[in-house]
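Each remark here refers to the structure printed beneath this line.
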Amino acid sequence: MVRRTKDEALETRHRILDVAERVFNERGVTRTSLADIAKAAHVTRGAIYWHFADKADLFCSMVARVTLPMESPACQIDHSLAPDPLISIRDLMIGILRRTSEDPQGRRVFHIVYHKCEHVDEMKPVWQRFNEMRASCLLHIEQGLRAAMTRGQLPASMDARQVAIGLRALLDGLVSNRVLDPDSRPSEHQAECLIDLFLNGLRAPASPPSRVAKRRTPITA
């Protein structure tokens, strides 16, 4: 009897999360109340509060069922230990993009996170978690870039921090576009080309055109 009660509670929890995922996706996080979720899930608000402290806790639990792109194990790899740090960073970015294409539930959750979760006070714990996650990923990319600089793959004068921010911004944009409109998103090949364009530009920075001094014609009387 106790086991059945636990199983029923777990089933109710999963149903609430499934419904929350759907309602958040349809209405946005701010415009959705716990009462809305309770009604759609055919449970009482008390049942929701039995499983979740508040809407932010419910939202975080929904997100935790899938691995966010910047939370994947690949993001925790120490690129500085890889045989080729730049290839390691490239594999990381492409792996994240592939995951947003291959996992339908993950794609829905990513869509909610990127496009349906507003920056409001009640979601402050959520965004704090995301910022910590993105900061960790940024640090690992920066470490990989510094290793590439040490090995002579990149110019020693390069600002690794700023370049890492640029790479993360590129990745954020590609993921955001992929989950916003699957029909108009860049193809996997196009996305890889954009990543390669960025990384190859770092390997061989363009030199400014040389200025040839004009020779003055002597003035004769």
Side-chain angles (χ1 to χ4, degrees), residues 63-64 66-103 106-107 109-111 113-115 117 119 126-182 184-216:
V63 172
V66 301
T67 303
L68 285 173
M70 298 296 185
E71 241 178 1
S72 64
C75 267
Q76 309 309 316
I77 291 176
D78 188 345
H79 303 291
S80 64
L81 301 179
D84 187 325
L86 292 182
I87 292 297
S88 182
I89 292 172
R90 179 186 187 273
D91 290 344
L92 156 73
M93 299 179 71
I94 291 175
I96 289 174
L97 291 173
R98 284 176 179 166
R99 189 171 187 284
T100 60
S101 297
E102 296 170 355
D103 181 1
R107 191 162 56 245
V109 173
F110 303 155
H111 177 74
V113 170
Y114 279 90
H115 301 292
C117 184
H119 288 261
V126 175
W127 287 111
Q128 182 177 357
R129 175 192 167 197
F130 292 161
N131 289 335
E132 291 171 354
M133 170 189 70
R134 295 174 75 250
S136 175
C137 190
L138 176 66
L139 178 61
H140 281 80
I141 292 176
E142 181 182 352
Q143 290 171 341
L145 292 172
R146 291 190 185 280
M149 292 166 64
T150 300
R151 300 182 192 188
Q153 293 179 299
L154 297 174
S157 60
M158 190 187 78
D159 189 330
R161 180 70 176 182
Q162 292 301 313
V163 172
I165 291 173
L167 280 168
R168 189 184 66 181
L170 173 61
L171 184 58
D172 280 343
L174 289 172
V175 171
S176 177
N177 286 337
R178 276 180 171 250
V179 300
L180 177 61
D181 185 359
S184 64
R185 70 190 180 203
S187 67
E188 186 171 312
H189 176 69
Q190 290 173 323
E192 290 184 17
C193 287
L194 287 172
I195 293 171
D196 288 338
L197 182 65
F198 193 114
L199 292 175
N200 289 336
L202 298 177
R203 288 178 184 270
S207 301
S210 58
R211 295 182 177 179
V212 179
K214 292 183 178 180
R215 186 175 297 177
R216 287 189 173 185

Taking the side chain as every heavy atom from C-beta outward, state whether Leu86 and Leu154 have any atom pair closer than 4.5 Å. yes
Given side chain to side chain contact (heavy atoms under 4.5 Å, CB included), test Ile141 with Leu171 step by step and report yes or no. CA-CA 12 Å; Ile141 292 176; Leu171 184 58; 5.6 Å; no
From Arg146 atom CZ to Met158 atom CE, the distance as rounded to the nearest 0.5 Å: 8.0 Å
Got a second to check how far Leu199's CG is from Leu167's CG, nearest 0.5 Å? 5.5 Å
Shortest non-hydrogen contact from Ala147 toward Pro85: CB-CG, 3.9 Å
On a heavy-atom basis, which atom in Pro155 and which in Leu202 lie closest, and how many Å separate them? CD-O, 3.5 Å
Ser88 and Ala82: which non-hydrogen atoms are nearest, and at how many Å? CB-CB, 3.6 Å
Show the numbers, then the answer: is there a side chain to side chain contact (heavy atoms under 4.5 Å, CB included) between Arg90 and Glu192? CA-CA 9 Å; Arg90 179 186 187 273; Glu192 290 184 17; 3.7 Å; yes
Point-to-point distance, once rounded to the nearest 0.5 Å, from CG of Asp196 to CE of Met93: 10.0 Å
As an exercise, state the distance from CD of Gln190 to CG of Leu174, rounded to the nearest 0.5 Å. 10.5 Å
The reported gap from CG in Leu145 to CD1 in Ile89 (rounded to nearest 0.5 angstrom) is 4.0 Å
Any donor-acceptor pair under 3.5 Å linking the side chain of Arg151 with the backbone of Pro83? yes
Kindly write out the residues that satisfy side chain to side chain donor-acceptor pair (under 3.5 Å) with Arg161, not counting sequence neighbours, or none if the list is empty. Glu142
Do you know which two heavy atoms are closest between Val113 and Trp127, and how far apart they sit? O-CH2, 3.6 Å
Step by step, would you call Asp172 with Arg168 a side chain to side chain contact (heavy atoms under 4.5 Å, CB included)? CA-CA 6 Å; Asp172 280 343; Arg168 189 184 66 181; 4.1 Å; yes
Worked check of side chain to side chain contact (heavy atoms under 4.5 Å, CB included) between Ser176 and His115: CA-CA 8 Å; Ser176 177; His115 301 292; 3.0 Å; yes
Between Ser136 and Glu132 (side chain of the first, backbone of the second, donor and acceptor by atom type, cut-off under 3.5 Å), is there such a pair? no
Minimal heavy-atom distance between Ala156 and Met149, with the atoms involved, is O-CE, 3.3 Å
Asp84: partners by side chain to side chain donor-acceptor pair (under 3.5 Å), with sequence neighbours left out: Gln153
